[in-house]
A.B. asks: 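Structure incoming, see below.
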Amino acid sequence: MTELTRGVIGDITEGAHPDNPVLQILSMKKIPSGEQERYRLLVSDGQYSSSFAMLATQLNSKVQSNEISNNCIVKMVRYLCNTVQESKKVLIILDLEVLKSGSEVGHKIGEPVNYDPNKIRQELEPSRQMMSMAQPQASKQSGGVPQRNPLAQRNPPNYGSGSPSKTPNGGRVHCIAALSPYQNKWTVCARVTNKSAPRTWSNSRGEGKLFSVDLIDESGEIRATAFNEQMDKFYDLLEINKVYYISGATLKQANKQYSNLNNEYEMTFNRMTEITPCHDSTAIPMMQYSFVSLDQLDKVNKDSIVDVIGVCKDSMEVVNINTRTGRETKKRDIQIVDDSNREVRVTLWGVSAESFDGSQQPVIAIKGAKVSDYNGVSLSLVSSSSFQINPDISEAHKLKGWFDNGGNSIDTINLSNQRGGASGGVGTVFKTLGEAKLENLGGRAADQADYYSVSATVSFIRKDNCMYPACPGEGCNKKVLDLNNGLYRCEKCNREYDTFNWRLMLSVNLADITDQVWVTMFQDQAEIVLGSTAQELGTMKDNNKEAFDKVMMDAAFKTYNFKIRVKMETYNDESRLKSVVVGVTPTDPKEYARRLISEIKQLSGQA
DNA sequence: CCCCCCCC
């Protein structure tokens, strides 16, 4: 039978820090606090009950998954007790193990009395007992009366693992998790885990420069930003991996769209802010992650920021990329896999891309990757992201063990199915034409393309102007002018040729059961749909109109999987969505039926 | 007070 650590709530509020105390969670309350929800818990040690406990936000998922529920018995593996508002105690549970589920226990154990530090401890009876499932022999040795854990009081009070509890001025160190805009006198002791490059901005509200850092302590994490003068003051002082006392910054609601740090607030340094290095800091953790298992990524919204960990199964070469804004940069795609048997593509940029070495198939832990819907799901690092190679954390060791013991040869599902993964075909997410219109694909921003795949039928092909004589110059393909003297002039190459190539630029209407759309198909795709080469068609067009018309006729009412790029394009101040087919394969009826079945299962909740 | 973050 699982026993509670009787009386331990009193011990903890008095400053003790026993290892692995066992409590029962009597009830939970969601605290309304902005976007980041928090749970306050009514806990019992069998003797006392108190609602002073809060769940660290990284454990919220255990409530949502019902692993933590009313009446469950938990062992507090990591916790800390802080004083807020002069004398109020708050217990923050950083990590716990559920020993017995709420449904297994089913009721409140004993008759705990509400703990009031000023009253109850004086009336305390002497036999406070430690009983735990983990130490049955301890209770036997002491003649059936379990003793308190002898290690219980060795740790210093308040901070579990010896983090500084005093500031250099002798004040108390606050924990990051307890910071809020409603508290104005505080000092935290925090490690910098990430530091951005300096950046400037200029918009209608003004211009300036800034940089930001991610700060963590044992209780939690927070982002801090320094603008203008504060950037000049603190940029060189704050170094990654070093620890600082920080006080007097502004706290405001964090915009979760741009961060996945587990904090509903973020910090802005101001002219009152003081930052001094801390040299007594071994216990401040190095990094805090909230990993999302790869099999959960398809449930995450596009553009979300997530932490992931995986084994780098495959690493592509570095390639040069020209961005839309004309800048040149480098990228490297890697493929990471985890023990949910999923793999996903991750894109690294710039220096990270160049220096990354995937040859030893390392574990990579990524903080703050951005979720993209390209080819299903893929991830991309952004400037606020960071990653660690083979970090010394349990998740990494667990994954490496899984990978080396068979995980590396498992047939995984590739969420970024560009390499012949589970769903095959032309890649990207399948939608109906109706869905593509409804989701406003391509309409989010100028010059921003969206891709989707659709199984659709060719309903009409425009014959007029469907092909043109093109420049035979290597990779040119521009339209040439027939000089009617056997020469053809290309304006782009600024020269005449004695020959030209036929190029197709086909305007095609596609239909499925939901809608229709006009798309453009260039050479390669048009040749597949027409079943003839551009050269053959060019000859027919000039010499055998009947054969040409027959090709066009025969091409209609055939069904393909089209991969379509949608983009907003503007001509003469008029914007319209333009759809270009970038891939065509015949629809395989078996694969199509399988996809429909899987969609039906998902819609009916069976998947 | 930023929040752009790239390519297929």
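Chain letters run A, B, ... following the sequence lines, proteins first, then strands; residues in each count from 1. Just so it is clear, the values below take in all heavy atoms, side chains as well, and ignore hydrogens, waters and symmetry mates.
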A.B. asks: What is the distance, rounded to the nearest whole Å, between atom CG of A:Asn255 and atom C1' of B:dC1?
C.D. replies: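 Roughly 14 Å, once rounded to whole Å.
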A.B. asks: Only pairs at least two apart or in different chains count here, so list each ring-ring contact (aromatic ring centres under 6.0 Å, His included) that has a residue in residues 176-219 of chain A.
C.D. replies: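 Qualifying pairs: A:Trp201-A:Phe227, A:Phe211-A:Tyr235.
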A.B. asks: A:Asn228 has a side chain; which of B:dC1, B:dC8, B:dC6 sits nearest to it?
C.D. replies: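 From the listed options, B:dC1 comes nearest.
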A.B. asks: From B:dC1, B:dC3, B:dC6, pick the nucleotide closest to the side chain of A:Thr329?
C.D. replies: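 Selected nucleotide: B:dC6.
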A.B. asks: Do A:Ser455 and A:Thr587 get their side chains close enough for a donor-acceptor pair, meaning under 3.5 Å?
C.D. replies: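 Note: A:Ser455 and A:Thr587 side chains meet the donor-acceptor criterion.
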A.B. asks: Give one of base, sugar-phosphate or nothing for A:Arg327, where a contact means two heavy atoms less than 4.0 Å apart.
C.D. replies: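 Base contact - A:Arg327 has a heavy atom under 4.0 Å of at least one base atom.
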A.B. asks: On the ring face of A:Trp349, is A:Arg332 found with NZ or CZ under 6.0 Å from the centre and within 45° of the axis?
C.D. replies: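 No.
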A.B. asks: Return each pair, listed once, that meets salt bridge (charged side-chain N to carboxylate O under 4.0 Å, His left out) where at least one residue sits in residues 195-205 of chain A; pairs must be two or more places apart or across chains.
C.D. replies: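 Non-adjacent pairs meeting salt bridge (charged side-chain N to carboxylate O under 4.0 Å, His left out): zero.
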A.B. asks: Within the structure shown, what part of the strands sits under 4.0 Å from A:Arg332 by heavy-atom distance: base, sugar-phosphate, or nothing?
C.D. replies: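 Touches nothing.
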A.B. asks: Sequence neighbours left out, what pairs pass ring-ring contact (aromatic ring centres under 6.0 Å, His included) with at least one residue falling in residues 284-316 of chain A?
C.D. replies: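 Qualifying pairs: A:Tyr289-A:Phe291.
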A.B. asks: Record whether the side chain of A:Ser380 comes under 3.5 Å of the base of B:dC7 through a donor-acceptor pair of N or O atoms.
C.D. replies: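 For A:Ser380, whose side chain was compared with the base of B:dC7, there is no donor-acceptor pair (under 3.5 Å).
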A.B. asks: Applying a 4.0 Å non-hydrogen cut-off, can you work out what A:Glu266 is touching in the nucleic acid: base, sugar-phosphate, or nothing?
C.D. replies: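 Result for A:Glu266 = base.
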A.B. asks: Taking any heavy-atom pair under 4.0 Å as a contact, classify A:Lys252: base, sugar-phosphate, or nothing.
C.D. replies: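 Contact class for A:Lys252: base.
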A.B. asks: Picking from B:dC7, B:dC5, B:dC3, which would you name as closest to the side chain of A:Arg345?
C.D. replies: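 The listed nucleotide nearest to A:Arg345's side chain is B:dC7.
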A.B. asks: Kindly state each residue pair satisfying salt bridge (charged side-chain N to carboxylate O under 4.0 Å, His left out) with at least one member in residues 220-237 of chain A, sequence neighbours excluded.
C.D. replies: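 As it turns out, the salt bridge (charged side-chain N to carboxylate O under 4.0 Å, His left out) pairs with a partner in residues 220-237 of chain A, which skip direct neighbours, are A:Lys209-A:Asp232, A:Glu221-A:Lys367, A:Arg223-A:Glu266.
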A.B. asks: Apply salt bridge (charged side-chain N to carboxylate O under 4.0 Å, His left out) to A:Glu239 and list each qualifying residue two or more places apart in sequence or on a separate chain.
C.D. replies: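 Once residues adjacent in sequence are excluded, the partners of A:Glu239 under the salt bridge (charged side-chain N to carboxylate O under 4.0 Å, His left out) criterion are A:Lys242.
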A.B. asks: Do A:Lys331 side-chain and B:dC6 base share a donor-acceptor contact under 3.5 Å?
C.D. replies: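 When only heavy-atom distances are counted, A:Lys331 does not reach the base of B:dC6 through any donor-acceptor pair under 3.5 Å.
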A.B. asks: If you take any heavy atom closer than 4.0 Å to DNA chain B, which residues from residues 190-206 of chain A end up in contact?
C.D. replies: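 Here the set is A:Arg199, A:Trp201, A:Asn203, A:Arg205.
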A.B. asks: Both A:Thr325 and A:Phe227 contact DNA chain B. Which one's nearest nucleotide lies toward the 5' end?
C.D. replies: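 Result of the comparison: A:Phe227.
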A.B. asks: Regarding B:dC6, can its base be found pairing with the side chain of A:Thr323 as donor and acceptor, where the two atoms are less than 3.5 Å apart?
C.D. replies: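 Not at all, since no donor on one side and acceptor on the other fall under 3.5 Å apart.
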A.B. asks: Using a cut-off of 4.0 Å on non-hydrogen atoms, how would the nucleic acid contact of A:Asn320 be classed: base, sugar-phosphate, or nothing?
C.D. replies: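 No contact at all - A:Asn320 keeps every heavy atom at 4.0 Å or more from the nucleic acid.
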